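Below is one structure, written out as structure tokens; comments come after it.
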Amino acid sequence: MFPSYLFLLVFAPVACAGYWALPPGRARLLWLTAAGYTLYALIDWRFTPVLLAVTLANFAVGRQLVAGGRPRLWLFTGVVLGLLPLVVFKYAGPLAALLGPEGSTVAIAAQGLALPIGISFYSFQSLTYTLDLFHRRGRPAESLLHFAAFTSLFPSFVSGPISRWSTLSPDLLAPPQRIAGEQVVEGVVLVVLGLAQKTVVADTLERIVVAPLFAAGPNGFFLSWIAALAYGARLYFDFAGYSDMAIGLGRLLGLALPRNFAQPYQARHIAEFWQRWHISLSSWFRDYLFFPVSRGLLRLTQRRYPDAVRALSHVLTMALIGLWHGATAALLVWGLFHGALLVLHHQLRLAPTSVWSRLERPITYLAVTFGWVLFRSPDLASALSMWQAMLGLHGFEPGAEVMVRVGWPALVFVLAAVIWLQIGPDAWDLRVRRTRGVAIAMGVLAAVALGLLVVPQPFVYFRF
Amino acid sequence: MDATAVRESLRAFITRELMRDAKYRLGDGEKMITSGLVDSFALAELAVFVESEFGVYIPDPELTAQEMDTLDQVVARVLRGAE
């Protein structure tokens with residue numbers, strides 16, 4: 001739905017124009033909420049009660065927190081109720097299957113449930129209301145409508161960026177009467193750049209390199225690395241492209257959605273990678289899981305084993321980030337793989353000024369690329385096979401075979417994408433000058449990106 | 001609470017335990033997190049150190065790069081909590 005003509009040329013313009021045509025306050029909140037639920041109904045109307053249930057549960061718990069008394073009990077209730085739909089729809093089936101014959105009835109019933117698109121994102125965003133009120137960050141919602149507009153915000157509720165209640169809610173309540181021209185330009189530019197990243201770069205990489213090489217099964221060393229590097233680039237341009245579109249649409253509504261990417265492949269080490277990749281999710285887990293867990297363990301052990309506490313907290317957090325993406329063995333291993341990298345990074349204790357620390361950047365990029373294989377492969381066995389190939393255990397193809405299988409144009413395209421990711425800025429940092437030439441260039445880019453949308457490809461993160 | 005003692009105690013802890021480079025001379029206004037010297041996950045250790053050394057509790061949501069990026073900011077937060 002998001003990368004489609006209906007959404008980009010009809011739904012989004014009407015939703016934005018209607019928002020500014022209405023007076024600030026209740027009418028705009030109602031319009032925003034209606035837009036969110038309409039979009040969700042267009043994707044699949046059966047999902048709308050789930051969004052409504054998550055909204056009502058968090059709002060009700062928030063009222064209790066504001067009323068005072070037993071804040072920890074209400075925090076616990078809020079977390080359980082807020083995550084219950086996510087657990088039922090996403091994890092009930094796999095969890096029941098683990099129980100064997102005893103869980104088979106539940107597993108079969110769970111198979112009949114379609115996973116509501118975006119549930120992982122809006123469940124987490126809604127939960128920030130309970131968590132922020134517990135920590136006394138931000139003011140309570142003025143009304144159910146105020147909160148419903150936050151949970152169903154159409155640019156972002158399906159795939160983020162995950163906003164925090166304390167930062168976004170004031171803007172929803174007191175938007176300006178009119179949108180500034182500068183903000184319109186910034187919003188449109190981000191939408192165009194986001195769409196171009198998606199259709200021109202990500203979808204092309206998928207079509208000409210990633211899909212053929214992954215479908216071909218076990219390759220040798222070179223083709224496996226080309227496939228993995230191309231997939232890493234594709235994943236970035238796909239998700240960063242979506243995020244830029246969402247942030248751009250947010251700006252067209254006068255709302256500041258949080259940054260989601262900051263040149264992640266230029267990270268100096270793995271800890272920095274997680275401060276640059278899917279920032280709204282990784283910071284959510286850091287603030288609401290890693291900090292409480294690691295602080296609790298440090299207090300419990302009286303800071304006698306800080307390395308062990310840090311390691312355990314990292315592994316737990318990354319395992320849950322892996323499972324947040326999906327209840328599969330491959331995604332759990334992906335999370336544990338990153339947890340292990342974080343532990344290794346801290347155990348090596350490389351001083352930032354040392355020569356060895358400079359090697360961490362290329363090693364981090366290659367390690368992250370190695371890990372993406374788990375994201376793409378249909379199962380753990382396929383991923384392990386590809387990892388073997390990337391370690392040279394399936395042999396090395398001659399250069400001529402690489403050229404025949406991939407082709408010069410595709411190889412140059414992958415190389416250009418990889419170099420760009422190593423040295424280029426992302427759309428957030430681009431400051432586009434308001435000149436006629438730039439306007440024409442943006443128009444051409446928009447036309448090309450829209451033209452390639454004839455065969456729309458869903459965003460990778462929509463399945464999470 | 002002696003601000004100079006707090007500052008030097010925090011400086012020693014950050015360079016020795018968080019940066020793993022005790023010889024590094026961390027400036028008062030030098031950015032620790034946004035510059036990559038310390039990763040934001042380490043703020044949990046810093047918060048527990050502050051708790052145990054100075055008896056000041058810093059809530060989780062305040063452990064951000066915006067609020068705890070420099071030694072000056074951390075010292076100010078500790079002194080504010082001790083008031």
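Throughout, protein chains are lettered first and strands after them, A, B, ... in sequence-line order, and every chain is numbered starting at 1. Every value quoted in this text rests on a predicted model; they were computed, and no experiment measured them.
Residue-environment remark: CZ (Arg16(B)) exceeds the threshold of 12 foreign heavy atoms within 6.0 Å. Within a 6.0 Å sphere centred on OH of Tyr57(B), heavy atoms belonging to other residues, nucleotides or ligands number more than 12.
Going from atom CD of Glu62(B) over to atom NE2 of His135(A) covers 10.5 Å, rounded to the nearest 0.5 Å. Distance CZ/Phe273(A) to CG/Asp39(B): 14.5 Å, rounded to 0.5 Å.
Ser35(B) touches chain A through its backbone: at least one of N, CA, C or O sits under 4.5 Å from a heavy atom, while the side chain does not. For Glu51(B), the part lying near chain A is the side chain, with the backbone staying farther off; criterion is any non-hydrogen pair under 4.5 Å. If you measure heavy-atom distances from Ala42(B) to chain A, the contacts under 4.5 Å come from both the backbone and the side chain. Contact annotation for Phe290(A): only side-chain heavy atoms (C-beta onward) come within less than 4.5 Å of a heavy atom of chain B. Using a 4.5 Å cut-off between heavy atoms, Leu18(B) touches chain A through its side chain atoms alone.
Between Asp60(B) and Pro292(A) the shortest side-chain heavy-atom distance falls below 4.5 Å. Looking at heavy atoms from C-beta onward, Leu63(B) lies out of side-chain contact with Arg286(A) at the 4.5 angstrom threshold.
Heavy atoms only, all atoms of each residue included: Phe41(B) and Ala271(A) are closest at CE1-O, 4.3 Å.
Using a 4.5 Å heavy-atom cut-off against chain B, the contacting residues of residues 293-303 of chain A are Ser294(A), Arg295(A), Leu298(A), Arg299(A), Arg303(A). Residues of residues 306-314 of chain A lying under 4.5 angstrom from chain B, judged on non-hydrogen atoms, are Pro306(A), Asp307(A), Arg310(A), His314(A) by number.
For the set Arg268(A), Glu272(A), His269(A), the count of heavy-atom pairs under 4.5 angstrom toward chain B peaks at Arg268(A). The candidate from Leu43(B), Ile33(B), Val48(B) with the greatest count of non-hydrogen atom pairs under 4.5 Å with chain A is Val48(B).
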